[in-house]
Amino acid sequence: MRVIMGIASLGSLWAVFLLSLVFGVPTEEPTFGESVASHLPKGCRRCCDPEDLMSSDDTVQAPVSPYVLPEVRPYINITILKGDKGDRGPTGTPGKPGKNGTRGDRGSQGVKGDKGQAGSPGSSCQTHYSAFSVGRKTGLHSSENFLSLLFDRVFVNTDGHFDMATGRFVAPLRGLYFFSLNVHSWNYKETYVHIVHNEQAVVILYAQPSERSIMQSQSVMLPLVPGDRVWVRLFKRERENGIYSDDVDTYITFSGHLIKAEDN
């Protein structure tokens, strides 16, 4: 049995001897760091290894990522950098006027105001009147001379300013007056009548001879002064003329009135 154990021990020694011949015998025992580094893949190192353990030709290749990294841009909040308020700028050009808006609702009634002061007294007002209207119920034919037309019926004659004896209106006041004349023409005769102001014919009432008699009228406004006279006259017999009337109806009328006195 001792022989067998000796042979076995001799076999173990031979095995160690043969292994040393194949792999070599280390001359110095490696440190823990060197032992770990020798087992790392080429190009890798630990962060705690000294720099001299990495040779100059061992460049670390960063892994290439298949994803595109987003670009990072810095953002600055300018509101925290706001400065002092600047000066007021110049006024700009006015814009175009806008469209008129819709009309608003009617507002409520306001408070009644205080009673105003009484006005100063006005000047005294005195109105003057002067008016007349007369008629004739008798026809008239022309003669050798001009004929003043006299009237036999009074419609209006305030204060007697129309003189029935002479057929003349006498102006009592300075002012503007209105006059009108109406006559009825005679068959187959001319009608040739004037309204006269102080011996001066102002307007004419005329109708040509005709087999029919018709009503004719004329009117005028005249500025008069006190004492001025206005009347009607028939033209003389150089022309066969006349005006018609009868006892039943009044065909001939002469009227006038004051429109405005100058001292009013």
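Nothing fancy with the numbering, it's 1 onward along the sequence. Every value quoted in this text rests on a predicted model; they were computed, and no experiment measured them.
- Take L140 and apply the side-chain contact (heavy atoms from CB on, under 4.5 Å) test, not counting sequence neighbours, and it matches R136, L147, L149, L234, I243.
- Qualifying side-chain hydrogen bond (donor to acceptor under 3.5 Å, both in side chains) partners for D163, counting only residues two or more places apart in sequence or in other chains: T166.
- The side chain to side chain donor-acceptor pair (under 3.5 Å) contacts involving residues 224-234 comprise H197-D228, N198-D228, where partners must be two or more places apart or lie in separate chains.
- For F169, the ring-ring contact (aromatic ring centres under 6.0 Å, His included) partners are F132, Y177, F179, not counting sequence neighbours.
- Taking a 4.5 Å side-chain heavy-atom cut-off between Ile, Leu, Val, Met, Phe, Trp and Tyr, the cluster of V248 contains only that residue.
- In this structure, F178 shares a hydrophobic cluster with L176, M221, I259, the cluster being traced through Ile, Leu, Val, Met, Phe, Trp and Tyr side chains under 4.5 angstrom apart.
- Below 30°, between 30° and 60°, or above 60°: for F151 and F254 the angle between ring planes is below 30°, a parallel geometry.
- Screening residues 207-221 for salt bridge (Lys or Arg N to Asp or Glu O under 4.0 Å) gives no qualifying pairs among residues at least two apart or on separate chains.
- Contact annotation: the side chain of K189 never approaches that of N241 to less than 4.5 Å [non-hydrogen atoms, C-beta and beyond].
- H184 meets the side-chain contact (heavy atoms from CB on, under 4.5 Å) test with S213, M215, Y244, Y251; sequence neighbours excluded.
- A search for side-chain hydrogen bond (donor to acceptor under 3.5 Å, both in side chains) contacts involving S219 returns nothing, not counting sequence neighbours.
- With sequence neighbours excluded, the residues satisfying side-chain hydrogen bond (donor to acceptor under 3.5 Å, both in side chains) with T250 are R153.
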For residues 90-115, which side-chain N or O atoms pair as donor and acceptor with protein atoms under 3.5 Å away, sequence neighbours left out?
none

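- Scanning for ring-ring contact (aromatic ring centres under 6.0 Å, His included) contacts around F155 gives an empty result, with sequence neighbours left out.
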